[in-house]
Amino acid sequence: MAVYLQHFGLSQAPFSLTPNTGLYQALLPHDEAIQVLQTALQSGEGFIKVSGEVGTGKTLLCRKLLNEMAEQYQFAYLPNPCLSAQQIHAALASELGLSVEEGSSAHTLLEQINRRLIEFASQQRPVVLLIDEAQALSDEALEVVRLLGNLETEQRKLLHVVLFAQPELDQRLASQQLRQLRQRITFSYQLRALEKQEVASYIQHRLHLSGYRGGPLFNAASLTLLTKASRGIPRLINILSHKVLMLCYGQGASQITVKMVKQAIIDTEDAVMPKSKSTYLFGLLLGLLALAMGIYWSQQQ
């Protein structure tokens, strides 16, 4: 539990790294992704892909689907994609409520899965396989997933697959050996980082839902610095915001300063300290001086 909760009048930690759908905000990139997912599933498409950089909110979207659409769909969730072909079949069978006997062959498991999928189809309950961190799937595992997408009746697909992945999967899908899977993906969405206004809204939204009712915690300069340092990535926004709240509490202050944000940036591995104008101008002058010296020496020879 964050030590600063009482200091700011908070009922919960607003910037936890654990994806919390209770703090979800329908900002444009996430709202568009949800709409794409809903449209694709309603139209009965087989493969859907949501890609985005580390920390942009893919797991949060995955959990939101699980929490809010469980009445419409039968979900099977694979949070750990580092599985062999046999393990994928076993994990899917387990998610569908099947008892998996040790040593069962892939063929036996596939037959059991197919029968179970037909049962759900007869109940008008589509089955959706959600795979998080799908970029970690081996080529062999991706082929297994593609073949699972072949399970169908004459009227419909028996299994829909949603891949949540980092951009590395997009690069791999561009290769020749994965072209069959690439062609199966009918809907895709790429999550982007948050823009400046969205970062401000994101922070305010989480603070408000967590019980904060005081005045503005960030001034314009500290918020601008945090936005640049986080590059609009929600996970980094959470990390930096959590640290500056700790610093603010530790100093007994009521507002976050630029100095606090700088301290948080220095302490955060993937955050980027923006260069000041003076640093930029100094670098530019050095570059021009080097160019001038180069021209001078070339003329002397």
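Note: hydrogens, waters and symmetry copies are ignored here, and every other heavy atom, side chains too, is used. When a residue number appears, it is its place in the shown sequence, counting from 1.
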Of the non-hydrogen atoms in Val258 and Ser222, which two are nearest, and what is the gap between them?
CG2-N, 3.7 Å

Short side-chain to backbone donor-acceptor contact, Lys58 and Ser51, under 3.5 Å:
no

Under a single-linkage definition using a 4.5 Å side-chain heavy-atom cutoff for Ile, Leu, Val, Met, Phe, Trp and Tyr, are Val272 and Leu226 assigned to the same hydrophobic cluster?
no

Contacts of Gln112 that satisfy side chain to side chain donor-acceptor pair (under 3.5 Å) - sequence neighbours left out
none

Can you list everything that forms a salt bridge (charged side-chain N to carboxylate O under 4.0 Å, His left out) with Asp139? Sequence neighbours excluded, please.
Arg172

Taking Arg182 for the side chain and Leu173 for the main chain, is one N or O donor matched with an acceptor at less than 3.5 Å?
yes

Those residues at least two apart in sequence (or on a different chain) that pass side chain to side chain contact (heavy atoms under 4.5 Å, CB included) with Glu111 are His107, Arg115

Verdict with reasoning, Leu151 to Lys157, per side chain to side chain contact (heavy atoms under 4.5 Å, CB included):
CA-CA 6 Å; Leu151 300 175; Lys157 291 284 184 184; over 6 Å; no

Quick one: does any side-chain atom of Glu95 pair with a main-chain N or O of Leu92 as donor and acceptor, under 3.5 Å?
no

I'd like to know if the side chain of Arg192 reaches the main chain of Gly52, judged simply by a donor and an acceptor atom lying under 3.5 Å from each other, with no hydrogens or angles considered.
no

Answer yes or no: is there a donor N or O on one side and an acceptor on the other, between the side chain of Arg206 and the main chain of Pro14, under 3.5 Å?
yes

Arg231 vs Asp270 side-chain heavy atoms within contact, under 4.5 Å
yes

Looking at Gln123, I'd like to know if its CD atom is crowded, meaning that more than 12 non-hydrogen atoms belonging to other residues, nucleotides or ligands lie closer than 6.0 Å.
yes

May I ask you to check whether Ser201 and Gln25 show a side-chain donor-acceptor distance below 3.5 Å?
yes

Glu168 side chain to Gln135 main-chain N or O, any donor-acceptor pair under 3.5 Å?
no

Any donor-acceptor N or O pair under 3.5 Å, side chains Asn238, Ser241
no

With no hydrogens and no angle check, is any side-chain donor or acceptor of Arg213 less than 3.5 Å from a backbone partner on His208?
yes

In Å, rounded to the nearest 0.5 Å, how long is the span from CG of Leu96 to CD1 of Ile113?
6.5 Å

Output all residues satisfying side chain to side chain donor-acceptor pair (under 3.5 Å) with Lys259, sequence neighbours left out; order by chain, then residue number.
none

Could you identify which residues cluster with Leu130, counting Ile, Leu, Val, Met, Phe, Trp and Tyr as linked when any side-chain heavy atoms lie under 4.5 Å apart, either directly or through a chain of such contacts?
Tyr24, Ile34, Val36, Leu37, Leu41, Ile48, Val50, Leu60, Leu61, Leu65, Leu66, Met69, Tyr73, Phe75, Tyr77, Val128, Val162, Phe164, Phe187, Tyr189, Leu191

Side chains of Ile256 and Leu223, heavy atoms from C-beta outward: is any pair under 4.5 Å?
no

For Asp170, is there an ion pair with Lys49 - N to carboxylate O distance below 4.0 angstrom?
yes

Donor-acceptor list for residues 242-254 side chains, cut-off 3.5 Å, not counting sequence neighbours:
unit_1: His242; atom_1: ND1; unit_2: Tyr4; atom_2: OH; d: 2.9
unit_1: Lys243; atom_1: NZ; unit_2: Asp267; atom_2: O; d: 2.9
unit_1: Lys243; atom_1: NZ; unit_2: Asp267; atom_2: OD2; d: 3.0
unit_1: Lys243; atom_1: NZ; unit_2: Thr268; atom_2: OG1; d: 3.0

Output yes when a side-chain donor or acceptor of Ser210 lies under 3.5 Å from a complementary backbone atom of Leu207, and no otherwise.
no

Answer yes or no: is there a donor N or O on one side and an acceptor on the other, between the side chain of Ser43 and the main chain of Ala40, under 3.5 Å?
yes

